[in-house]
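Throughout, protein chains are lettered first and strands after them, A, B, ... in sequence-line order, and every chain is numbered starting at 1.
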There are 2 protein chains.
Amino acid sequence: MARAATTSDTFNAIAEPQRRDILALLRGREWPVTDLARELGMSQPRASKHLRVLREVGLVRVREAGKQRLYGLDARGLRPVHEWVGGFERFWNESFDRLDSYVQDLKQERQEQER
Amino acid sequence: MARAATTSDTFNAIAEPQRRDILALLRGREWPVTDLARELGMSQPRASKHLRVLREVGLVRVREAGKQRLYGLDARGLRPVHEWVGGFERFWNESFDRLDSYVQDLKQERQEQER
DNA sequence: TTGACGCATTCCGTTATGGGAATATGATTG
DNA sequence: CAATCATATTCCCATAACGGAATGCGTCAA
């Protein structure tokens, strides 16, 4: 056995910065591949490949329009992600007592080292 | 040039299912590595490696406790993720007129093929 | 000091992934 | 039909990433 099956899921799809850029762009309207690639400064094959990943996890949809293919956003797959991350909301809002004291300890150590 | 520098960021850190499991576990309390590994059914080196990634992006913190190292959650780094994904909220709540009709088209095509 | 324990790291093998260049494919136009 | 445009795919390379096994290292107890 070797690597875990990254089974390209939604989390994986949005882990790549350029794919996040694509999704953000598609919030505005549908885009044909070439235009999208130019707008984001990437080659056409590159755009197509990223779009494929996004399509496979269902975050974008395609619509044929003559010889163009218009890509549009389908954000529904992001909802579970939002919910999963949201499950930590009360933790980043917490006072983090132990964390605060931990950070204080670090600072103090550093100061002592600097002496 | 080859692969883009996945510069292990938070998105990447949570793209790995086992790391998400770890984070979820740490919501409860701090855990020493061995216990955490056993609880999640992974080997100790594996747990250590995942914990390292999480540590490097700042999602967990460590505290020395005798010969143990207690890992705890620091969820603050998840906030930007939550916000980024949240930027799509109105889209997954949308009626998706065009999307709906698109899905209808697909269904119809399929039915026609089945005939 | 010697073991034993807890954890991190290293080494190695395998697979996934992103990128480029070239090419295939499908549709439109002349 | 030929040429062209828009897009997808393939081939190949380099590297990142995960896993296992073995090992290093610090701490504590006897």
Out of [options], which has the shortest distance to the side chain of [X]?
X       : options               : result
B/Asn12 : C/dC7, D/dA17, D/dT7  : D/dA17
B/Lys67 : D/dT27, C/dG19, D/dA8 : D/dT27
A/Arg55 : C/dA8, C/dG18, D/dA8  : D/dA8
A/Lys49 : C/dG20, D/dT7, D/dG19 : C/dG20
B/Arg52 : C/dG20, C/dT9, D/dT9  : C/dT9

Practice item. Would you please classify the geometry between the A/Phe11 ring and the A/Trp84 ring as parallel, tilted or perpendicular, with 30° and 60° separating the classes? Key: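 Perpendicular: the ring planes of A/Trp84 and A/Phe11 meet at over 60°.
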Output yes when a side-chain donor or acceptor of [X] lies under 3.5 Å from a complementary backbone atom of [Y], and no otherwise.
X       : Y       : value
A/Arg19 : A/Val53 : no
A/Arg20 : A/Ile14 : yes
A/Arg69 : A/Val62 : no

Roughly, in whole Å, what's the span from [atom1] in [X] to [atom2] in [N]?
X       : N      : atom1 : atom2 : answer
B/His50 : C/dA8  : NE2   : P     : 13 Å
B/Glu64 : D/dG26 : CD    : C1'   : 9 Å
B/Arg46 : D/dG20 : CZ    : P     : 4 Å
B/Leu70 : C/dG6  : CG    : P     : 13 Å
B/Met42 : C/dC7  : CE    : P     : 14 Å
A/Glu39 : D/dA6  : CD    : P     : 17 Å
B/Glu30 : C/dC7  : CD    : P     : 13 Å
B/Arg69 : D/dC28 : CZ    : C1'   : 16 Å

Check your understanding: When we call it a touch if two heavy atoms are under 4.0 Å apart, what does B/Ser48 touch: a base, just sugar-phosphate, or nothing?
Key ->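 The answer is base, as B/Ser48 lies within the cut-off (heavy atoms under 4.0 Å) of a base atom.
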Practice item. Could you check whether A/Gln68 gets within reach of a base, just the sugar-phosphate, or nothing at all, counting any heavy atom under 4.0 Å? Key: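 Sugar-phosphate, no base atom in range.
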Check your understanding: Would you say A/Tyr71 reaches D/dA6's phosphate, i.e. side-chain N/O to OP1/OP2 under 4.0 Å?
Key ->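 No.
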Check your understanding: Relative to the 5' end of DNA chain C, which residue comes earlier, A/Ala65 or A/Pro45, by the nucleotide with the nearest heavy atom?
Key ->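 Comparing both residues, the 5'-ward one is A/Pro45.
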Practice item. Quick one: pull up CG in A/Leu36 and CG in A/Leu70 and give me the separation to the nearest 0.5 Å. Key: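 Nearest 0.5 Å value for the CG-CG distance: 11.0 Å.
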Check your understanding: Is A/Gln44 side chain donor-acceptor paired with the D/dA8 base, going by distance under 3.5 Å alone?
Key ->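 Per atom types, the contact qualifies.
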